[in-house]
Amino acid sequence: MTKPSLFGLDSSSRDRLIEMMRRKERPAATPRESADGDTVAFVQAPIPEAHYRVDRHPGLEPLRLQAFAADRFGIASPYFHLHEGVARGTTVIAGREYLNFATYNYLDLTGHEAVGAAAKAAIDRYGTSAAASRVVSGEKPLHRELERAVADLHGTEDAVAFVSGHATNVTTIGLLMGPKDLILYDTLIHNSVVQGALLSRATRIPFAHNDWRAVDRLLTERRHDYERVLVVVEGIYSMDGDFPDLPRFVEIRERHKVYLMVDEAHSMGVMGATGRGIGEHFGVPGNAVDLWMGTLSKSFASCGGYIAGSRALAEFLKFAAPGFLYSVGMAPPVAAAALAAIRLMLAEPERVTRLRDRGRLFLETARRHGLDTGLGQGYSVVPVIVGNSIQAVRLSNRLFERGINVQPIVYPAVEERLARLRFFLSAAHTDEAIETACRVTAEESARLSAG
Ligand SMILES: Cc1ncc(COP(=O)(O)O)c(C=O)c1O
């Protein structure tokens with residue numbers, strides 16, 4: 001019989017425990033006693049299924065609960081409708097045509113013949129894939145033409161195109177910022193910015209929506225506690241459809257010596273006399289903002305994202321951003337479509353004018369019908385606040401039955417009391433479509449409230 005030497009453990013168990021302690025591991029097992037009182041072995045606790053079965057992952061629980069609740073309340077899922085053709089001002093789902101307020105085809109360029117033709121020509125010339133990271137052998141003339149066109153839109157020295165808009169924010173912020181830095185972002189900022197900030201391990205502080213004074217105060221108190229500071233705002237906020245007072249943020253950038261980043265996903269092609277975004281709207285020059293971020297998936301009828309800024313920034317991203325360096329180059333037809341869309345926007349400025357006119361008309365019409373449009377300013381995105389998630393889903397389903405496709409935005413994407421329908425506007429929407437959508441929304445909203 002081996003004499004216990006530590007808390008009743010035999011020597012081999014003790015040695016294992018010490019080894020674990022050295023490795024700073026928590027023991028995954030508990031000692032078991034033999035019949036004569038000796039500790040003989042470790043009994044491995046069973047590994048919970050949630051730790052090795054994907055179908056038992058705890059992240060699935062809220063989804064299952066949601067599906068269960070929807071089933072009990074008899075609410076059909078408004079998600080993953082199958083669109084059978086190009087989604088423009090109208091769309092076809094299960095053989096029925098709907099008025100469509102749920103896709104970001106702002107300038108009606110997705111489905112445009114010239115954009116499709118450019119993509120097809122790119123396939124014929126370069127194939128469907130860049131087939132390598134650009135840094136090694138995936139670089140095509142189209143990439144450079146696209147980046148030049150984007151840089152010219154913003155009035156910057158250079159630009160870099162990425163294969164995904166979301167990944168653009170994640171990899172860029174993740175690269176530029178580090179543990180000694182601070183990132184300040186608007187409370188309503190897009191998830192991709194938050195993910196990038198998490199990746200960077202910088203200190204993250206959200207500031208009240210559009211509150212440049214709060215940013216100024218914070219920087220006055222804490223700027224010197226950090227090395228680099230990044231302030232991030234959106235051109236048009238994707239859920240609320242309003243925009244920041246950009247010149248104030250530019251002034252803060254200069255006074256406090258911080259980086260300023262503007263995500264123009266929903267403002268490029270929408271704001272400014274010629275659609276060049278919030279910078280053009282306010283007359284802010286390209287070099288007054290360090291990082292102009294945008295997506296190619298909205299006004300530009302394609303897929304991907306970009307950062308426009310200084311030559312040094314572009315070089316840094318191209319040689320060091322993991323989402324660029326270790327990822328395939330943008331597919332040639334995708335780059336060609338975006339480039340064709342940019343050229344069309346510049347050649348046909350009436351598209352931008354018409355989109356803005358549509359946005360204004362929608363806002364006025366919705367208000368006339370007594371709808372709560374929240375912070376919406378009448379641009380590419382106009383919310384209709386419903387006030388709770390179940391009612392938002394129900395209202396979306398009622399509108400769907402009546403031939404209108406608009407998505408609900410529910411908790412946790414927005415606060416529960418601000419659950420809403422989000423209407424995306426398009427240059428393709430007719431006056432009649434806008435009037436119908438607002439009238440039917442008001443009618444169904446009243447019916448739902450009446451129970
Ligand atoms: C503000 C904002 N930034 C970034 C993205 C990500 O862009 P993408 O969908 O092109 O990946 C989105 C997506 O809608 C967005 O709304």
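Atoms within each ligand, like the ligands themselves, are counted from 1 in listed order.
- Atom 13 (C) of ligand 1 has Lys298 NZ, 3.0 Å as its closest protein atom, hydrogens excluded (heavy atom only).
- Between Ser192 and ligand 1 there is a heavy-atom distance shorter than 4.0 Å.
- Using a 4.0 Å cut-off between charged side-chain N and carboxylate O, Glu364 and Arg368 make no salt bridge.
- Scanning all protein heavy atoms for the shortest distance to atom 10 (O) of ligand 1 gives Ser297 OG, 2.7 Å.
- Looking only at heavy atoms of the protein, atom 12 (C) of ligand 1 is closest to His190 NE2, 3.3 Å.
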List the steps and the verdict of ring pair (Phe, Tyr, Trp, His ring centres under 6.0 Å) for His429 and Phe362. CA-CA 10 Å; His429 286 134; Phe362 187 94; 8.0 Å; no
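- Residue, atom and distance of the protein heavy atom nearest to atom 6 (C) of ligand 1 are His166 N, 3.4 Å.
- Residues Val215 and Phe207 meet the side-chain proximity criterion, which asks for heavy atoms closer than 4.5 Å.
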CA sep, side-chain torsions, deciding dist, call: Tyr306, His154, ring pair (Phe, Tyr, Trp, His ring centres under 6.0 Å): CA-CA 11 Å; Tyr306 65 80; His154 287 284; 5.4 Å; yes
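- Remark: minimum distance from atom 7 (O) of ligand 1 to any protein heavy atom is reached at Thr295 CG2, 3.2 Å.
- None of Leu230, Asp186, Val232 except one satisfies the side chain to side chain contact (heavy atoms under 4.5 Å, CB included) rule with Val193; the exception is Val232.
- Atoms of ligand 1 found under 4.0 Å from any heavy atom of Ala265 (numbered from 1 in listed order, with element): 1 (C), 2 (C), 3 (N), 15 (C).
- Salt-bridge check for Arg343 with Glu145: passed, with a basic side-chain N closer than 4.0 Å to an acidic carboxylate O.
- Taking only nitrogen or oxygen atoms, main chain and side chain alike, Met293 does not reach within less than 3.5 Å of ligand 1.
- Counting protein heavy atoms only, atom 16 (O) of ligand 1 is closest to His266 NE2, 2.7 Å.
- The side chain to side chain contact (heavy atoms under 4.5 Å, CB included) test with Asn405 singles out one residue from Leu399, Thr91, Thr103, and that residue is Thr91.
- Close contacts between ligand 1 and Glu234 involve ligand atoms 1 (C) [criterion: under 4.0 Å to a heavy atom].
- With hydrogens and angles disregarded, a donor-acceptor distance shorter than 3.5 Å links the side chain of His57 to the backbone of Gly59.
- Each of the following atoms of ligand 1 lies closer than 4.0 Å to a heavy atom of Gly165: 6 (C), 7 (O), 8 (P), 10 (O), 11 (O).
- Ranking the protein heavy atoms by distance from atom 3 (N) of ligand 1 puts Asp263 OD2, 2.6 Å first.
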